[in-house]
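Read the structure below first, then the notes.
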Amino acid sequence: MRFTGLVAAWTATMFLAAPAYGWNATGHRLVAAIAYARLTPQARARVDDLLRKHPDYNTLLGENAPSDSAGRARAAFINASVWPDVIKGDTRFWDDTKADAQPTPQLPGFPDMKRHTNWHYFDTPYAPDGAPTEIHQPPHALSELPRIIKEIRKTPKGAVNPSYDLPWLIHIEGDLHQPLHCVGRFVKSAGGKGDAGGNLVFIAPQTNLHSIWDGAAGRDTTDEFITKTAAEIVAKHPAPKRLDKDPKTWIDEGLLFSVREVYTFGVDNGTKEKPNTLPPGYLENAQRVAHERIALAGYRLAAILNKKLN
C-alpha cells in the first residue's frame, strides 16, 4: 500500500495490523508514555528540545495536539515512538533493503531518506528441532541501537543527528522488548528457512504469530486508553531495582521469552491453507507477557535517556 503523504501513513498505522512492525502503535505508545513520565526534568527538557528540532516535528504533534506546552511535548514524544513505522508507508522515503529501489530526493533536516526497515529487529537463530540456521547480517537492531544510544548526546555534526536519532532510539528500544523482534525460528519442515520473527508462522483464522504479539497489548491508540493502561501496567509491574541498559541483554531476554512463552504450540509453522490453532489461554498469556515487557521497556528507556541527557 502506498500513501501520498505522512499524515495518511500515520492514520493507516493507527488502525492496520502490520505484521512486521514490532509492537503496534498502541504498544509503542505505552512504552513511550511510561518512559516520559519517568524522565528527570533535565532529561525531559533535552528530549523536548531535540524533538522540536526534528524535521517532522509538526507531524509528530498530530492534528489534535494539546494547546499547553507540556501536553504538546508529551504528545510529540509519544508520537515519535511510532514515527519509524510510519515512514514505511511514506513516499518521501525509499526502501533501502530492495536492490532495485530508487532513492528519493534528500529533504532538509534528514541525514538520509531511507526507511531502514532492517533496524527494527535482530533475528537470533533458534532451531528447536536441529534445523540448519543462518546468522543475521547487519544492519540490524543490534548494530544500530548501540550506535544511536552513544550518539544521542552528541552535538549534531555530519551524519550524527540526535534529533533524527531520538525517535529511532525510542522505537527500537521498544521493539527489542517484543519477543519476536529478537528471534528467527528455523524448523526442518520449513526447509531450514527462518520464520522472520513469526511472520511466516500461520495462525487460524487469518493471521500470523508476529501480528498476534504486535497487538497483544491492545489496539486502542487514544490518549485516554494509553494513559489509563500505562498506569495499570505500572501498578502491576513496578520497576526493578536494577535496570539493564544493554540491548544485547534485551535480545537474549526476548529469545528466552520466545522459547518459553511464544512458541508453545509445536514446531510446525502451518500454512495459509492449514494454519496452526493456538492452545487455550494463549492470547491471555500473550497480553500478560506484553504488559510485563512494555513496562520494562518504558523503565529502561527512561533510564537510558536520564543517563545520556541529564
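As a basis for the values below, the full set of heavy atoms in this structure was taken, side chains included, without hydrogen atoms, waters or symmetry mates.
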Enumerate, atom names and distances included, each donor-acceptor pair closer than 3.5 Å involving a side-chain atom of residues 229-245, sequence neighbours excluded.
unit_1	atom_1	unit_2	atom_2	d
Thr229	OG1	Phe225	O	2.8
Glu232	OE2	Lys228	NZ	2.7
Asp244	OD1	Asp246	N	2.8

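How far CG of Asp96 is from CE of Met113: 12.0 Å, rounded to the nearest 0.5 Å.
Listed by first then second residue, pairs satisfying side chain to side chain donor-acceptor pair (under 3.5 Å) with a partner in residues 134-144 read Glu144-Arg147, not counting sequence neighbours. Pairs passing the side chain to side chain donor-acceptor pair (under 3.5 Å) check and including a residue from residues 99-112, sequence neighbours excluded, read Asp112-His116. Residue pairs meeting the salt bridge (Lys or Arg N to Asp or Glu O under 4.0 Å) criterion with at least one member in residues 256-284, sequence neighbours excluded, are Glu261-Arg288.
For the residue pair Arg38/Asn306, the side-chain donor-acceptor check at 3.5 Å is not satisfied. Side chains of His28 and Asn24: a donor-acceptor N/O pair is absent below 3.5 angstrom, by distance only. With no hydrogens or angles considered, no side-chain donor-acceptor pair links Asn310 and Arg46 at under 3.5 Å. Under 3.5 Å, the side chains of Asp195 and Tyr126 contain no donor-acceptor pair of N or O atoms.
In this structure a side-chain-to-backbone donor-acceptor pair under 3.5 Å is present from His181 to His120.
For the pair Ile34 and Ala295, the tightest heavy-atom approach, listed with the atom from each and the gap, is CD1-CA, 4.0 Å.
Taking the six-membered ring for Trp, His54 and Trp83 have ring centres closer than 6.0 Å.
The hydrophobic cluster around Phe202 extends to none of the other residues, as no ILVMFWY side-chain heavy atom falls under 4.5 Å of it.
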After noting the C-alpha distance and the side-chain angles of Lys248 and Asp252, does the key distance pass the salt bridge (charged side-chain N to carboxylate O under 4.0 Å, His left out) rule?
-> CA-CA 6 Å; Lys248 179 61 168 62; Asp252 291 344; 2.8 Å; yes

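In this structure, the side chain to side chain contact (heavy atoms under 4.5 Å, CB included) partners of Arg74, at least two apart in sequence or on a different chain, are Ala33, Tyr36, Ile78, Asp223, Thr227.
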